[in-house]
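Written out below as structure tokens is the structure these notes cover.
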Amino acid sequence: MTITRITTPSFEASTGSQTVSDATLTKITLATETFDTDSCYDTSTYRFTPTIAGRYFVYTQAFFEETANFNRLFNTTIRIRKNGSDITNGILSFVSNNSSYSSAQSMNFTCTVSMNGSSDYVESFGYVDVSSGTPLIKNAIFGSYKLI
């Protein structure tokens with residue numbers, strides 16, 4: 001007996017570097033698709049809208065950085081949103097005391113979410129709050145696959 005599990009639709013998208021406004025929640029512009037099995041990820045709106053109802057595993061990861069240095073308070077948030085509302089998020093704060101390098105932090109989050117297969121969508125957002133310098137979101141990925 002063979003058990004087959006179909007985990008589509010599924011996708012993964014990425015971005016290189018995105019300059020963002022300081023202390024502003026920003027949609028991460030993940031325009032490069034690694035794969036998209038059913039063409040459910042939109043590279044212009046950065047939304048995944050699966051066409052099959054079910055429960056989906058969703059993940060996002062980003063590297064947050066600021067271009068200045070020297071003792072900055074650095075707050076970051078990464079969020080997964082469904083239909084415009086947070087379904088999971090995390091906040092990380094730290095103080096950089098390095099006089100040679102910029103402050104940086106990597107974050108990732110995962111969740112499962114029910115999707116109706118027609119209008120439900122998920123997106124990835126980031127937030128960077130620095131005391132000086134230009135905040136960046138780098139090397140971000142965002143993906144999802146159907147569980148059941």
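All residue numbers in this chain count up from 1 along the given sequence.
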Compare every heavy atom of [Y] with every heavy atom of [X], then report the nearest pair and how far apart it is.
{"X": "K146", "Y": "G54", "answer": "CE-CA, 4.2 Å"}
{"X": "P9", "Y": "C40", "answer": "CB-SG, 3.9 Å"}
{"X": "M115", "Y": "P50", "answer": "CE-CD, 3.4 Å"}

Distance check, rounded to the nearest 0.5 Å: [X] atom [atom1] versus [Y] atom [atom2]?
{"X": "T110", "Y": "I80", "atom1": "OG1", "atom2": "CD1", "value": "7.0 Å"}
{"X": "S144", "Y": "F48", "atom1": "OG", "atom2": "CZ", "value": "4.5 Å"}
{"X": "Y121", "Y": "T49", "atom1": "OH", "atom2": "OG1", "value": "8.0 Å"}
{"X": "I141", "Y": "T34", "atom1": "CD1", "atom2": "OG1", "value": "8.0 Å"}
{"X": "R79", "Y": "L25", "atom1": "CZ", "atom2": "CG", "value": "5.0 Å"}
{"X": "D38", "Y": "I52", "atom1": "CG", "atom2": "CD1", "value": "5.5 Å"}

A side-chain contact here means heavy atoms from C-beta on lying under 4.5 Å apart; do [X] and [Y] qualify?
{"X": "R81", "Y": "I87", "value": "no"}
{"X": "Q61", "Y": "S106", "value": "yes"}
{"X": "C111", "Y": "F109", "value": "no"}
{"X": "P135", "Y": "F64", "value": "no"}

>> Looking at T15 and A140, would you say the former's side chain and the latter's main chain have a donor-acceptor pair under 3.5 Å?
In response: no
> So, the side chain of T77 versus the backbone of Y127: is there a donor-acceptor pair under 3.5 Å, distance only?
Replying inline: no
The criterion is side chain to side chain donor-acceptor pair (under 3.5 Å); which residues satisfy it with [X], sequence neighbours excluded?
{"X": "T112", "result": "R55"}
{"X": "S44", "result": "D42"}
{"X": "S124", "result": "T60"}
{"X": "T29", "result": "Q18"}

> Yes or no on side chain to side chain contact (heavy atoms under 4.5 Å, CB included) for D22 and D129, after CA distance, side-chain angles and deciding distance?
Replying inline: CA-CA 5 Å; D22 185 39; D129 182 7; 3.7 Å; yes
> Under 3.5 Å, is there a donor-acceptor pair between the Y41 and E12 side chains?
Replying inline: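 E12 and Y41 do not have a side-chain donor-acceptor pair below 3.5 Å.
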> Listed by chain and number, what are the salt bridge (Lys or Arg N to Asp or Glu O under 4.0 Å) partners of E123, not counting sequence neighbours?
Replying inline: K27, R47
> What residues form a salt bridge (Lys or Arg N to Asp or Glu O under 4.0 Å) with D120, not counting sequence neighbours?
Replying inline: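 Partners of D120 under the salt bridge (Lys or Arg N to Asp or Glu O under 4.0 Å) test: K82.
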Do you reckon [X] sits in the same ILVMFWY cluster as [Y], going by side-chain contacts under 4.5 Å, direct or chained?
{"X": "V113", "Y": "F125", "answer": "no"}
{"X": "M107", "Y": "V122", "answer": "yes"}
{"X": "F63", "Y": "L136", "answer": "no"}

> What's the verdict on side chain to side chain contact (heavy atoms under 4.5 Å, CB included) for F142 and F11, showing C-alpha distance, side-chain angles and the deciding distance?
Replying inline: CA-CA 8 Å; F142 179 46; F11 86 99; 3.5 Å; yes
> Going through the distances and angles, do V128 and I137 end up as a side chain to side chain contact (heavy atoms under 4.5 Å, CB included)?
Replying inline: CA-CA 8 Å; V128 186; I137 297 174; 4.2 Å; yes
>> Let's go through Y46 and I28 carefully: what are the C-alpha distance in whole Å and the side-chain angles of both, what is the deciding distance for side chain to side chain contact (heavy atoms under 4.5 Å, CB included) to 0.1 Å, and is it a yes or a no?
In response: CA-CA 8 Å; Y46 318 110; I28 302 175; over 6 Å; no
